[in-house]
Amino acid sequence: MPEWMKEKHCPHKKKYMAGKRIMPKNLTGKEKLRYIVDEAFLAYNSARLKEACQLFTNRCLTRMSRSA
């Protein structure tokens, strides 16, 4: 936790800091894109990007299977 947050008095901190801490593995640059999207995108914004990638892929595969 950052020092500024430790020093600040936050009366409702337990509401927004209650979940399990997200500790993704460090990226080395050798990972495949699929691993990064599926396993490393855990924070809020990147999780939304992960969901968008999954939706796009599923829709593309559905369209491809219909046209085949």
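Keep in mind that the numbers below use all heavy atoms, side chains included, and drop hydrogens, waters and symmetry copies.
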Peer 1: With sequence neighbours excluded, what pairs up with E31 under the salt bridge (Lys or Arg N to Asp or Glu O under 4.0 Å) test?
Peer 2: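 By the salt bridge (Lys or Arg N to Asp or Glu O under 4.0 Å) rule, E31 matches no residue at all.
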
Peer 1: For E51, check side chain to side chain donor-acceptor pair (under 3.5 Å) against everything at least two apart and list the hits.
Peer 2: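 Partners of E51 under the side chain to side chain donor-acceptor pair (under 3.5 Å) test: R48.
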
Peer 1: Just how far is it from atom CG of L55 to atom SG of C60, taken to the nearest 0.5 Å?
Peer 2: 11.0 Å

Peer 1: Return the CG to CD distance between L49 and Q54, rounded to the nearest 0.5 Å.
Peer 2: 10.0 Å

Peer 1: Linking I/L/V/M/F/W/Y whenever their side-chain heavy atoms sit closer than 4.5 Å, directly or via other members, would F56 and L61 fall into one cluster?
Peer 2: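 F56 and L61: separate clusters.
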
Peer 1: Excluding sequence neighbours, so at least two apart, what forms side chain to side chain contact (heavy atoms under 4.5 Å, CB included) with T62?
Peer 2: R66

Peer 1: Taking only residues two or more places apart in sequence or in another chain, which ones pass salt bridge (Lys or Arg N to Asp or Glu O under 4.0 Å) with R34?
Peer 2: D38

